[in-house]
Amino acid sequence: MINSAKKAVTDLVDGLNSRDEKTYKFCDSNLPSEIEPLDDVQEFDLNTTIVHVCIVVSIFDCEDCVSLLLHSILNQTHKGIETVFIDEGSSGGSKEILKISKDYDNVQAVQLDQRTSKGQSYNIGISKCSAKSAYVLINDGHITYERDAVSSMVSYAEHLRADVVLADFDVRATSRGRVLKQEYSHDMNQWSALPAGSPFNIYSEPGVLRVDPSPWRKLYRRRMLLDRLVQFKEGYYDGVDDSFHWEILAHATRISKLDRILFHRETMFETESTPRTDGKFFPNAHHVGKMLMGQHMNEDQGCLPSLSSHSIVEKYFEWVNSNSWLSRNQQSTQMKDKFDRRFKQIRSEWLARETLPITYWESLSEETALPLLETPSQVDLTIIMPTYNVNDLIQDVLDKMYTDLDRPGFSFEVFAIDDGSDDGTIKVLSDFQKKHETNFFLMNTPSSNGGAGRARNFAIPLIEGRYVYFVDADDGYDFQALAESVIFATKDEFDLLILPYETEIVGPNNTVTKGGMMTADEKIWSQLPSKINRTHEIQKEAAYGLINYPWKQLTASRVMHDSDVYFGPTKVHNDVQFHWTSIAAAKKIHFYHKKVCSHRKFDASVRGQLTADKSAARMNVFYAISLTQRALARQGVFDGDEREGYAFAKWLKFARDVLNWASKRIPNELESDYKKKWKYMLDTLKDEKLRPSTFRNWPFWEQGSDKN
């Protein structure tokens, strides 16, 4: 057992040495495990010295919790508190109660048009904090405070010069000010082991990484958040607390523990939820793992001391293994096996590095050694297909897919993600799954008709194919050409294979008129130089200019996972983020001649299509551009590298073009608001003072607007 484990590790390490791995610049030395004491601390009085704190609150349909929380904040003994409420498109009382924010100078409310993720809400709120705020507190709408909570944490932070202060909490149910039930935090063992009264960091006390990751139990120095570009994960991510917890503590040079219960989680406002069974844990684990490996930072974040010390990595694996219950909670053996394989992939990524000595892996018990060391098998292709009311189309698409892809030596898997269909689509998919249990995965989104981007994002963390292709159920496909494209891409290990397409206009009585590619794309393809002269940079620049259709490309799954490539969260324009971030992440792009997709445009009398809608949803174009711009900035696309100089110009042109395109699809009653935002964004784009390095400081284009 031990010999086989040792050989597996050795083989993987040898394989690593032959690869060209992207690395991150670490500092020359680790943070000291012993932090120098502060000899020059001066006492100060918070009654005479005002230290401003910004409390960011994200809420959704919770009138009672907002009332209680606002009362808790307004009764704080600390002076200098400002509060930013982010309402995630509430339909009930919490939206109404936020109107009272107009009565307080130190309270502002941002009302979003639709529900988003907690990570995006928190980032919007932090961006709204005034420049005078020295610290930030996060609140998910269910947390109340002891009256001296803010002043106690600020005093502690100022005395110890802490970047992050953690305090204890309890979980309770209250009624009319009376505590009906109280439970203490579930992380008492990890919490009690941390020192109180003196600063530490993750090197001296790695156990801090395993305390409850809730962001609302911490006070953050705002300057550190801005200087180190630490943000919550946006878009698809749920459980963003985990990745933010690891990243913020990794950047904090001084962490302090305030050993008092200052926060109360009010369970009376929480709705009953089923255990999480989707794959959202994996992108968070992958993000944290890449950070520890030093592969997930950009140059503006400076350098981090090496995070791959044995004790920190062991804490990482404790966290990963503690989430193995996700596999056990899967409804089908098929999905349980997939989750098990994804956990193995996380472990095998570390096995291929010399971070941990072979003796660490040899020390594993016989029950766990080989499962950890097995390299998960990988299929050739993953197809991801969102569905919504396509009962009349889906059977033919699936039959053709499985017939054409059934070829010797070629393997594939298919994810169908239904977005709340009510026309019988789900029955067709369920019946098909029973016939193809080994490689057909059926998933359902928690919301109805939330958009193809959100639906696709549910499957992306579970991809096991070397390449992934996105299918729309109302288009036509040559799946044989797709298989040949996968084989070609695999041979030369392309990150991205750009594919031509054709269009079909489906008119009344289902008459079909065939056409070529859209004019803009046809022009780009026609202007490509001969194959022998097509450098990667030429093809990458050309790819940026293409229309952002997701089915125009075959994408390596390693690009998706390594660079956190997802679709945007908006119902429309969600493929903008996928188009730009996937191309930006690709290191080897090739334009290939195989035509795979026949993109269908339906006459309104035959079938409605979201892309043809003139609706209020088009206002989300500003949000989509902002999210994409921020994602590109995190990837370092606009960091001034001369080889990527064209990306900045291409991005500016794209933003102008898509804003112009969307302007023609805005309802009359919203035209005035659209033109106002359009002009502001265009003026910002044209500002000569705007440079690529300042893109991260762009206004965050929330979907709604605040009271100002």
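In summary, the side chains of Thr570 and Asn620 do not present any donor paired with an acceptor at a separation below 3.5 Å, with no hydrogens or angles considered. Checked by atom type, the side-chain pair Glu82/Ser133 shows a donor-acceptor distance below 3.5 Å. Defined by atom type and a distance below 3.5 Å, a donor-acceptor pair is missing between the side-chain atoms of Asn284 and Asp242.
The salt bridge (Lys or Arg N to Asp or Glu O under 4.0 Å) search around Arg260 returns Asp148, not counting sequence neighbours. The side-chain contact (heavy atoms from CB on, under 4.5 Å) search around Asn444 returns Asp418, Ile426, not counting sequence neighbours. Scanning for side-chain contact (heavy atoms from CB on, under 4.5 Å) contacts around Ser192 gives an empty result, with sequence neighbours left out.
Contact between Thr83 and Ile81 at its shortest, heavy atoms only, is OG1-CG2, 4.0 Å. The heavy-atom pair separating Tyr674 from Ala662 by the smallest distance is OH-CB, 3.5 Å. The minimum heavy-atom distance linking Leu194 with Val208 is given by the pair CD2-N, 3.7 Å. When all heavy atoms of Ser256 and Leu160 are compared, the closest pair comes out as OG-CD1, 3.3 Å. Closest non-hydrogen pair, Met153 versus Arg217, comes out as CE-O, 3.9 Å.
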Determine whether Asp259 and Trp191 satisfy the following criterion, side-chain hydrogen bond (donor to acceptor under 3.5 Å, both in side chains), listing intermediate values before the conclusion.
CA-CA 9 Å; Asp259 200 10; Trp191 177 255; 3.0 Å; yes
Applying salt bridge (Lys or Arg N to Asp or Glu O under 4.0 Å), run through Asp140 and Arg265 and close with a yes or a no.
CA-CA 10 Å; Asp140 66 3; Arg265 183 161 193 86; 2.9 Å; yes
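In this structure, OG1 on Thr77 lies 10.5 Å from CD on Glu146, to the nearest 0.5 angstrom. Atom CZ in Arg228 sits 10.0 Å away from atom CD in Glu247 (nearest 0.5 Å). How far CD1 of Ile625 is from CD of Gln577: 12.5 Å, rounded to the nearest 0.5 Å. The distance from the CD1 atom of Ile124 to the SG atom of Cys129 is 12.5 Å, given to the nearest 0.5 Å. Leu249 CG to Ile202 CD1: the interatomic distance, rounded to the nearest 0.5 Å, is 7.0 Å. Rounding to the nearest 0.5 angstrom, the gap separating the CG atom in Leu166 from the CG atom in Leu262 is 11.0 Å.
Salt-bridge annotation for Lys118 and Glu88: present, with a side-chain N of the basic residue lying under 4.0 Å from a carboxylate O of the acidic one. Taking the charged nitrogens against the carboxylate oxygens, Asp564 and Lys233 do have a contact shorter than 4.0 Å, which makes a salt bridge.
The backbone N or O of Ser152 sits nowhere less than 3.5 Å from a side-chain atom of Ser155 that would complete a donor-acceptor pair.
Both the sub-6.0 Å distance and the 45° axial angle are satisfied by Arg456 relative to the ring of Phe567.
Of the residues listed (Met224, Arg221, His251, His245), the one engaging Val164 in a side-chain contact (heavy atoms from CB on, under 4.5 Å) is Met224, and it is the only one. The ring-ring contact (aromatic ring centres under 6.0 Å, His included) test with Trp216 singles out one residue from Tyr145, Phe169, Phe244, and that residue is Phe169.
Between Phe622 and Tyr680, the distance separating the two ring centers is not shorter than 6.0 angstrom.
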